[in-house]
Structures are given as C-alpha cells and as structure tokens.
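Shown next, in structure tokens, is the structure this report addresses.
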Amino acid sequence: MTPTPEIQQRANQLREQLQKASYAYYVLDNPIMEDAVYDQLYRELQELENQYPELISPDSPTQRVGDQPASQFLSVRHNIPLYTLENAFNMAEFAQWQERWRRQSPTQKDADYVCELKIDGSAMALTYKNGVLVRGVTRGDGITGEDVTQNVRTIRSIPLRLNLDNPPPVLEVRGEAFLPLDTFNQINQEREQSGEALFANPRNAAAGTLRQLDPKIVDKRRLQFFAYTLHSNQTPKTQWESLESLQQMGFLVNPNRKLCPSLDAVQEYYQNWETERRNLPYMTDGVVVKINDFALQEQLGFTQKFPRWAVALKYPAEEAPTVVLEISVNVGRTGAVTPLAMMKPVLLAGTTVQKATLHNSDRITELDIRIGDTVIIRKAGEIIPEVLRVIPELRPPNSQPYQMPLQCPECRSTLVRPKGEAVTRCMNSSCPAILRGSVVHFCTRDALDIRGLGERIVILLIDNGLVKSIADLYSLTVEQIAALERMGQKSAENLINAINESKNQPWSRVLYGLGIRYVGSVNAKILTDSFPSVEQLSQASVTQLESVYGIGSEIAQSVYDWFRVPANQTLIQQLQAVGLQFKNTTKPATTQQTLAGKTFVITGTLPTLKRNEAKELIEKAGGKVTGSVSAKTDYLVAGEEAGSKLDKAIELGITQLNETDLLKLIG
C-alpha cells in the first residue's frame, strides 16, 4: 500500500515536531512538550512507519535505537586526523606554549583564546551528508577509529538531522561522548548488584558503552555529547562562531565556555573552575584553550602529534587521605610482582577508590608504608591511583615494616629480583598468573582480537584444566565451553568461531600476542616488516635486530632471548600446526624516492624527530642532507631556535619547512 500525500505530509510533520521537542529537552534544557504528548506523537509516527515502511528515513526519531546488535565494529580511517592535545600543567607552562606559537608567527603578537572545560569522556567524529548523520567514529589512534554509528544514534544530544535549511554536502563534527556522574554511579550500582566488575571512572564507562555491540544497552545508559569543533566548506571564521553554529545546528555545546582576550583572562577562567568543577554534573580534569582565529590556526598548523594552536591546561592531581588495611601483591603476565595497597574506600576524582599501586619494593622502602598507616593518595588520570606519601604522625603503635614475599602467591615458586631491575619477578613460566595474563593478552583487541574471551572466561578455562598454554585455545570444543559456569550453547559456538577466525590475523598481530617483553603493537609491525617470517626473526642476531630503525638494544635483546627458550619454540610450532599466520602474506610498502635530487639542510630542534632521524627519513626518500646553506640548497627544515642558517635561507629565498611539512613532502 502506497502512502497518500496527506500521510507523507503527516509523517514529515511528526518528525519535525519530535525533533524540535528533543532539541528543546536535551540541548536547551527547556522542554516545550509534555512527556505524554511526545510519547503519543512518537507512537503515531511509529504506527505510520510500520504501516508504510517506505516512510522510514535515517533521521526519523524512531530509528535512534537499532533492533539488531552489531556483530563487530569496523576500523575506518578518519576524514581528518583527530589529534591529541599538548598538555600544560600550570600557568607557567601555558605561557611557554603561548611563546612557542608566537615564534611560529612572529607578526602575530596578540590573539583571543576560547576556553572550554576539558570533558573526561571519549572523543568522537561525526559525519553528516546533506544534513543527515551517516557515520560516528571513535578517536582510536587519531588516524583510524571504530565505526560505532549504530550506538552514536542512541545519544539524544546528537541530532540525526541538522537544524539547517541548506546544509553543506559534507560536514564533520568533533566532540566528546561522556556519562554524567549520576548515571555513572547508577550503572556501577547495578553492576555491583549483578556481580559484574565496576567501571573505574566515567571515561572508561563511556568508552566501554560506545563499544557495546547491542545499541539497546547503549541507549539505556544515556550517554551525553558535547560538540566542540566543526569542519565543512562553510566553516565560520572563529572557534567562538563555530561553537555558536554548532548549537544552532542542534548540538549540545558546553555552556561554560568563555572568550578570553589575554593570558590573564585565561588564568582567571582556569582558577575559577579549579574549585567550581566539583559542582558540575560531569567529570572535567582541565581546560582546553584554543586560539580563536581559524586563519591563525591554519597558519600555525600541527606538529607530528599536536595542533600548535591548542593546549590542554590540566588541573593538579586530586589527593585524598585514607588508611591502609592490607598490602597484597599481584602477579602479571611477565611475572612482575606488583604490590598493592588495599585501603579504606575514599572518594577521589569522582570515583570510589579502594586500592592503589605501590609499584615495587624500592617504592615500598622509600615510603616506609605499613598496614594501618594513614596515607595520601592521588589520581592523575590513571585508572589505579598511587600512594603519594605516608603521614607517620598517625601511624599506629607496634606497626611493622612491610616485607615483599619470598614466594609467588600463585605458584609458591621462589621470587627473583633480576640484576639491574627494580621489579621482583616469578620466573616459573607455568605459573597460573603468568598463564592467565598471557592468554588474556593474546586475545586482546590489538593482538588476536578474540571477541568474548575476556579474563573471566580465561580464568574458568584455566581453573577447569582446559587451557595450560596459549596453544590449547585452538583445541577447545563447543561442548567443553558450554559446560562452563554461566556459559550456554550459543555463547560457546560464538567463542569457538572467534577463536577460529583469529587464525586469519596477520603475522604482526601474532607476534604482539606472544607477549614478548618490550614488544608493543607498533614494534611488532616494524619487526615483521623487516623479518617477514618467524624463521627469519627467530634466527636474527641481536646486531641484526638492533639495525632495524625503531628497535633499540633492549627490545633486540628481549626478542633474541625469547626465541632461545625451548618452551617458546614449542609454542610457535604448536600455533603453526593449528594454522596461525607466522609470515607476511603481502610485501611491505617500500619508501618512494619522493625527494630524489633534492638537497636539504636541517637546523634547530624539531618537535618529535631527532636530527639524525630526520636525516635518515630524507635519505631513505632519495634526498641529500648537507651541513650548510647555499644556492644549491632546495629546502631548509627549521625547528625551534633556528639560528643563522634560517637567516641565510631567507636571504637566498630557499623554501623553509617545519617537521609536518617535511613528513607531508616525504608522503
């Protein structure tokens, strides 16, 4: 049945009324419609769309929550890199940042700043095409993120359609998804009642919520979103105008923003919110300061990591006193034994804290911490806080200094402190704690990415004798997993499928998953590009490993030693036998000779590259680096405190590059 023009008009009218009501309620905090009326109009639209499915549009309020859970999140590339911000921890460091950008733009001495509260949440990039939301992506590593559009649509303060008569063809909005404190506390209460692990803080809860496969769970948690940047061919001329435009489009913009004409005005704003932030309904750990003028922002550009035109002015770590009830130790996947202070619960930075890391035995000696001590703990963005100092005047009588255990609490093996290290270790590779940590690491997202195989299931598998090494994962059966506590047939089938799919992960991920000490995901990629098979890597000498750009002596020695252990060789053979990838299936891209025939001079201090690193990059791309500027010089790469070479280059009309320009030129 085809809807009549009158029915189509009514559906459009209902969508428009509901969108206006949502904007007034979630963004303006000024409801224009009773809940009962909203529900009635919503049901009417829902009934029309059920009767005439062709009326359904992506921007309809009925389409916020999808019916089908996602099977996985795809990794996608950001339209524009989502950079992190440089940090300043006091006004003196902020003044230094100001001087740095002024040196980059010597003709621009004054600028307005826009101050916004730094929200403790999860950064997002939203893409709108012709005014309709089509994509929502997490920050990820700033270059790629996860497509969580289905979950983003559940956030009521994100419009599905922009409030614009003539929207641009493509518009991107950046902002922060976050959980209000009352919602965060309610979620943790519910998790505690159901026996689930508590979220450490609102930031982790927000990130975890966005990665829920079922959008109905996301909708229930009521995430919020503050928009703070927009990119389009109709972008305003200033950050302040940008924020005003975002609000007019239908976004929630932080109302506590301020336009500051000077450093003194920024300081006043910063100091005011250091105390006032405790009255906010959400977490904030600092102030984001941006140069207001977009033209100046574009002129200043970026370092390899940060925009030069913005800085995060952070507040000092929060501190709180509490009492040590017990000191225990935790054994990690590398055998490292980390002491933890178990304390009387205390509210710190918006969350209840009961334990804090003591790092190692040297730190315990330095603090002279004892059971019963009153201590000051702090939290500076870490999930697990740390003990800052002990108050000896409040120490109970007859207290005894704490001694690190001599035996592993998990396997009773003798603990060892290797020469030259601060960490005490269990050296038993069969230790349940090491096995547990190794298997969990092997299954993580950056390694083999075995969805559903978290710590709880790993513990069940080990405790039931089903997994005694990583290789045992690949001999598990549906029946074995289904028989475990709180596991069913469908969950078991999904887990076995995920384990089998992990066999397709590339060699670099397998290497990272093996958990070799000091080898992170980036180093694993570097190593597998240089050693395309496990045979080549296992036979490489320390000297050969060290010769790889980005691999230092510590990593090289660790990799070499790991492959000399017979048990590790056996593990590789077992994993090869079940079909894991231990060689590259595609050839790594070779560096193009984009700078062939060009002569460079490097001067000053670059933001992230050492001078020899920049020289190596230029030479790999076919360029030549000399020590002095002449008429034959094609480019001068200039960093901070560039001296007479810069003057000479200006005199000769030689093109000057900053670090970002150089990297773009290399490609």
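Residues take their numbers from the sequence shown, with the count starting at 1. These numbers were taken from a predicted model, which means no experiment stands behind them.
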Given [X], which partner from the list [options] fulfils the side chain to side chain contact (heavy atoms under 4.5 Å, CB included) test?
X	options	answer
Thr528	Leu537, Val534, Leu511	Leu511
Val559	Asn523, Leu514, Leu527	Leu527
Phe225	Leu126, Leu252, Val152	Leu126
Leu473	Leu453, Leu448, Ile496	Leu453

Validation row: [X], [Y] side chains within 4.5 angstrom (heavy atoms):
X	Y	result
Pro409	Val331	yes
Leu160	Arg153	yes
Asn360	Thr338	no
Asp147	Arg135	yes
Ile143	Arg77	yes
Thr352	Val346	no
Arg436	Ile462	yes
Glu410	Cys431	yes

Taking 4.0 angstrom as the limit, do [X] and [Y] come out as a salt bridge?
X	Y	value
Lys118	Asp120	no
Glu554	Arg517	no
Glu172	Arg174	yes
Arg156	Asp219	yes

Mind checking the [atom1]-[atom2] spacing from [X] to [Y]? Nearest 0.5 Å is all I need.
X	Y	atom1	atom2	value
Leu246	Thr229	CG	OG1	7.5 Å
Asp449	Cys443	CG	SG	9.5 Å
Leu223	Gln212	CG	CD	10.0 Å
Leu358	Asn330	CG	CG	12.0 Å
Leu580	Phe582	CG	CZ	5.5 Å
Arg509	Asn504	CZ	CG	11.5 Å

- Message: Using the rule given for side chain to side chain donor-acceptor pair (under 3.5 Å), can you reason through Gln186 versus Asp182, listing the C-alpha separation, both sets of side-chain angles and the distance that settles it, and then say yes or no?
- Response: CA-CA 6 Å; Gln186 180 183 343; Asp182 56 352; over 6 Å; no

Does the [X] side chain pair with the main chain of [Y], one donor and one acceptor, at a distance under 3.5 Å?
X	Y	value
Ser413	Cys408	no
Thr570	Pro566	yes
His441	Ala447	no
Gln569	Phe563	yes
Trp507	Asp529	no
Thr138	Glu146	yes
Asp472	Ser469	yes
Asn464	Leu466	no
Gln480	Thr477	yes
Tyr128	Pro159	yes

- Can you name the residues that form a ring pair (Phe, Tyr, Trp, His ring centres under 6.0 Å) with Phe178, not counting sequence neighbours?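 Once residues adjacent in sequence are excluded, the partners of Phe178 under the ring pair (Phe, Tyr, Trp, His ring centres under 6.0 Å) criterion are Phe226, Tyr282.
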
Nearest heavy-atom pair of [X] and [Y]: which atoms, and what distance?
X	Y	answer
Leu82	Ala125	CD1-CB, 4.2 Å
Tyr228	Glu176	CE2-N, 3.7 Å
Glu485	Arg456	O-NH1, 3.9 Å
Pro202	Leu181	CG-CD2, 3.9 Å
Arg139	Tyr83	NH2-C, 3.9 Å
Pro3	Leu55	CG-CD2, 4.0 Å

[Y] and [X] side chains, donor-acceptor separation under 3.5 Å:
X	Y	answer
Arg221	Thr183	no
Glu493	Gln489	yes
Ser502	Gln505	no
Ser157	Gln224	yes
Ser438	Arg333	no

Take atom [atom1] in [X]; do more than 12 heavy atoms of anything else shown fall under 6.0 Å from it?
X	atom1	result
Met427	CE	no
Tyr560	OH	no
Lys503	NZ	yes

- Message: Determine whether Glu501 and Arg451 satisfy the following criterion, salt bridge (charged side-chain N to carboxylate O under 4.0 Å, His left out), listing intermediate values before the conclusion.
- Response: CA-CA 10 Å; Glu501 286 173 8; Arg451 302 293 175 95; over 6 Å; no

- Evaluation steps, side chain to side chain donor-acceptor pair (under 3.5 Å), between Gln536 and Ser533: CA-CA 5 Å; Gln536 290 170 292; Ser533 71; 3.1 Å; yes

- Task: Show your working on side chain to side chain donor-acceptor pair (under 3.5 Å) between Thr444 and Tyr512 and close with a plain yes or no.
- Result: CA-CA 10 Å; Thr444 54; Tyr512 173 62; 5.0 Å; no

- So Leu210 and Met124, side chain to side chain contact (heavy atoms under 4.5 Å, CB included) or not? Walk me through it. CA-CA 10 Å; Leu210 283 169; Met124 300 286 302; 3.5 Å; yes

